[in-house]
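Step one of this worksheet: look at the structure below.
None of the values given here were measured: they were computed from a predicted structure. All values below come from the heavy atoms of this structure, side chains included, with hydrogens, waters and symmetry mates left out.
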Amino acid sequence: MSRRRKVYEGKAKTMYEGPEPGTLIQSFKDDATAFNNEKRGTITGKGVLNNRISEFLMTRLNDIGIPTHFIRRLNMREQLVRQVEIIPIEVVIRNVAAGSISKRFGIEEGTALPRPIIEYYYKSDELGDPLISEDHITAFGWAAVQDLDDMVALSLRINDFLTGLFVGVGLRLIDFKLEFGRLYTDEDMQIVLADEISPDNCRLWDTKTNEKLDKDRFRRDMGGVKEAYQEVARRLGVLPEAGPMDLKGPRGIQ
Ligand code: ADP
Ligand code: UDP
């Protein structure tokens, strides 16, 4: 067992000190939570699948010039990332009404929105991640106006790109959540995409059947959660080689 230092233990991931200064190891767990921690469970193999899916999507985004924290995948459950100063905002981009926006405005789930809608939530477990406005963000100093401009521009580019990528594999990107951070290099600072992109923080529906292939299966006790994540990985061509049986990964390198 390595004796690396744990920097942070979250609900879905553990962050360890990386091999070089300014890096972290992001380790994906099988734990799942919903409704601000009220519902907890384990989805066997989720960590392995999310590690692969997020690697794939972050790599494609890097390819088109979106700056991300991702450096490389290390093993079944872990990836090396650049340590950033996380901006404490969850940026939610919505293409189709579902979840909280449907409840808030009484819009039927599945209704296409007239244009992508960006929402911000303040990252705070104690407060239950409240919905906030751009004014809250700048007035309370969570991000500068320029940081926010960068986050919005990046979010819209990411949405356009991922929407097309998912359509190509028969999935509708209904909505998703992003986190950004500040990456400091010498005297420069850049806003980069951090955290993960996976069925834990995207809603993905089959284009033909509208079947849900994301965390809503866990939130709403629909069953077939692991199978849904596997199906997303399979469609993206990143299902671990040994297939579903190998989702726990080889012992010893977990
Ligand atoms: P939570 O904190 O909501 O329980 P996770 O279990 O996903 O979420 O934990 C991962 C934590 O690591 C999150 O708080 C996220 O903001 C943070 N994080 C993600 N990427 C980076 C990074 N590159 N540098 C620093 N922190 C990061
Ligand atoms: N989301 C997330 N983390 C959160 C809240 C939401 O990743 O703490 C994602 C969620 O998976 C969905 C989108 O953001 O893809 C919009 O979620 P919504 O506001 O509808 O909240 P929900 O009803 O899912 O709690």
Side-chain angles (χ1 to χ4, degrees), residues 8-15 26-51 53-54 57 77 86-111 113 116-133 136-137 140 142 155 159 162 166 171-181 194-206 210-233 247:
Y8 176 82
E9 171 122 30
K11 298 183 287 281
K13 301 186 285 298
T14 307
M15 312 299 277
Q26 179 164 253
S27 182
F28 289 76
K29 306 197 282 189
D30 287 347
D31 299 346
T33 61
F35 313 120
N36 200 24
N37 257 331
E38 270 170 40
K39 182 178 169 77
R40 291 159 189 263
T42 304
I43 305 166
T44 308
K46 174 173 81 79
V48 173
L49 292 163
N50 282 355
N51 187 25
I53 293 169
S54 201
L57 297 174
R77 279 183 191 275
I86 288 286
I87 294 167
I89 310 289
E90 301 197 335
V91 181
V92 169
I93 302 97
R94 302 180 183 273
N95 299 305
V96 175
S100 68
I101 198 173
S102 288
K103 275 206 202 92
R104 200 179 314 126
F105 299 112
I107 310 172
E108 196 187 337
E109 281 215 329
T111 309
L113 298 168
I117 291 178
I118 298 189
E119 292 175 347
Y120 310 97
Y121 295 85
Y122 180 50
K123 258 171 77 74
S124 164
D125 286 344
E126 301 79 64
L127 301 175
D129 295 350
L131 179 67
I132 52 171
S133 73
H136 293 127
I137 297 174
F140 294 140
W142 294 321
S155 296
N159 185 42
L162 291 186
F166 280 121
L171 293 170
R172 278 172 89 196
L173 180 58
I174 304 299
D175 59 30
F176 60 109
K177 184 266 292 183
L178 298 174
E179 290 185 29
F180 294 91
D195 206 54
E196 68 177 299
I197 309 180
S198 74
D200 266 8
N201 41 48
C202 299
R203 284 196 170 92
L204 296 165
W205 296 2
D206 183 272
N210 278 336
E211 188 187 7
K212 296 184 198 313
L213 295 170
D214 56 54
K215 197 170 152 188
D216 271 349
R217 301 199 75 88
F218 169 76
R219 292 189 189 98
R220 302 178 187 189
D221 294 320
M222 297 169 76
V225 190
K226 179 180 74 181
E227 290 74 12
Y229 282 58
Q230 275 172 9
E231 179 61 14
V232 173
L247 286 180

TODO: Just do the side-chain contact (heavy atoms from CB on, under 4.5 Å) check on Y8 and K13 with the steps written out, would you?
DONE: CA-CA 9 Å; Y8 176 82; K13 301 186 285 298; over 6 Å; no

Open item on the list: Using the rule given for side-chain contact (heavy atoms from CB on, under 4.5 Å), can you reason through K11 versus D31, listing the C-alpha separation, both sets of side-chain angles and the distance that settles it, and then say yes or no?
Closed with: CA-CA 7 Å; K11 298 183 287 281; D31 299 346; over 6 Å; no

- [ ] Begin with the C-alpha distance, continue with both residues' side-chain angles, and end with the deciding distance and a verdict on side-chain contact (heavy atoms from CB on, under 4.5 Å) for Y121 and I89.
- [x] CA-CA 6 Å; Y121 295 85; I89 310 289; over 6 Å; no

- [ ] Could you go through the side-chain contact (heavy atoms from CB on, under 4.5 Å) check for L57 and E196 one step at a time?
- [x] CA-CA 9 Å; L57 297 174; E196 68 177 299; over 6 Å; no

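For the side-chain hydrogen bond (donor to acceptor under 3.5 Å, both in side chains) test, no residue two or more places apart in sequence or in another chain qualifies with N201. Every side chain to side chain contact (heavy atoms under 4.5 Å, CB included) that A233 has, sequence neighbours left out, goes to L49, I53, V238, L239.
For the salt bridge (Lys or Arg N to Asp or Glu O under 4.0 Å) condition, the pairs that include at least one residue of residues 34-45, sequence neighbours left out, are K39-D221.
In this structure, the side chains of Y120 and S133 stay at 4.5 Å or more apart for every pair of heavy atoms. Taking 4.5 Å as the limit, every side-chain heavy atom of I87 sits out of range of all side-chain heavy atoms of K123.
Residue P199 comes nearest to L213 through the heavy atom pair CB-O, 4.0 Å, listed as atom of the first residue, atom of the second, then distance. Here the shortest heavy-atom pairing between R172 and G110 reads NH2-O, 4.2 Å. Listed here is the closest heavy atom pair of G181 and A194: N-CB, 4.5 Å. The shortest non-hydrogen separation linking F218 to T33 is CE2-C, 3.9 Å. The shortest heavy-atom contact between C202 and L173 is CB-CD1, 4.2 Å.
Residues R94 and S100 have side chains that bring a donor and an acceptor to within less than 3.5 angstrom of each other. With 3.5 Å as the limit, one finds a donor-acceptor pair spanning the side chains of N95 and N159.
Each of V92, L178, I93 was checked for a side chain to side chain contact (heavy atoms under 4.5 Å, CB included) with I118, and the lone residue meeting it is I93. Shown are K177, K46, K215; of these, the side-chain hydrogen bond (donor to acceptor under 3.5 Å, both in side chains) with D200 is made only by K46.
In this structure, the separation between OH on Y122 and CG on L131 is 14.5 Å, given to the nearest 0.5 Å. In this structure, CG in L204 is found 11.5 Å from CD in E231, a value given to the nearest 0.5 Å. Atom OG of S198 sits about 6.0 Å away from atom OH of Y229, to the nearest 0.5 Å. Considering OG1 of T42 and NZ of K29, their distance stands at 10.0 Å, rounded to 0.5 Å. Taking CZ of F140 as the reference point, atom CD1 of I132 lies at 9.0 Å (rounded to 0.5 Å). Rounding to the nearest 0.5 Å places CG of L113 at 10.5 Å from CZ of F105.
R217 contributes a side-chain N or O that, together with a main-chain N or O of K212, makes up a donor-acceptor pair within less than 3.5 Å. Looking at S54, its side chain does come within 3.5 Å of a backbone N or O of I197 through a donor-acceptor pair. N36 contributes a side-chain N or O that, together with a main-chain N or O of D125, makes up a donor-acceptor pair within less than 3.5 Å.
One finds no salt bridge joining D214 and R203 here, because no Lys/Arg side-chain nitrogen approaches an Asp/Glu carboxylate oxygen to under 4.0 Å.
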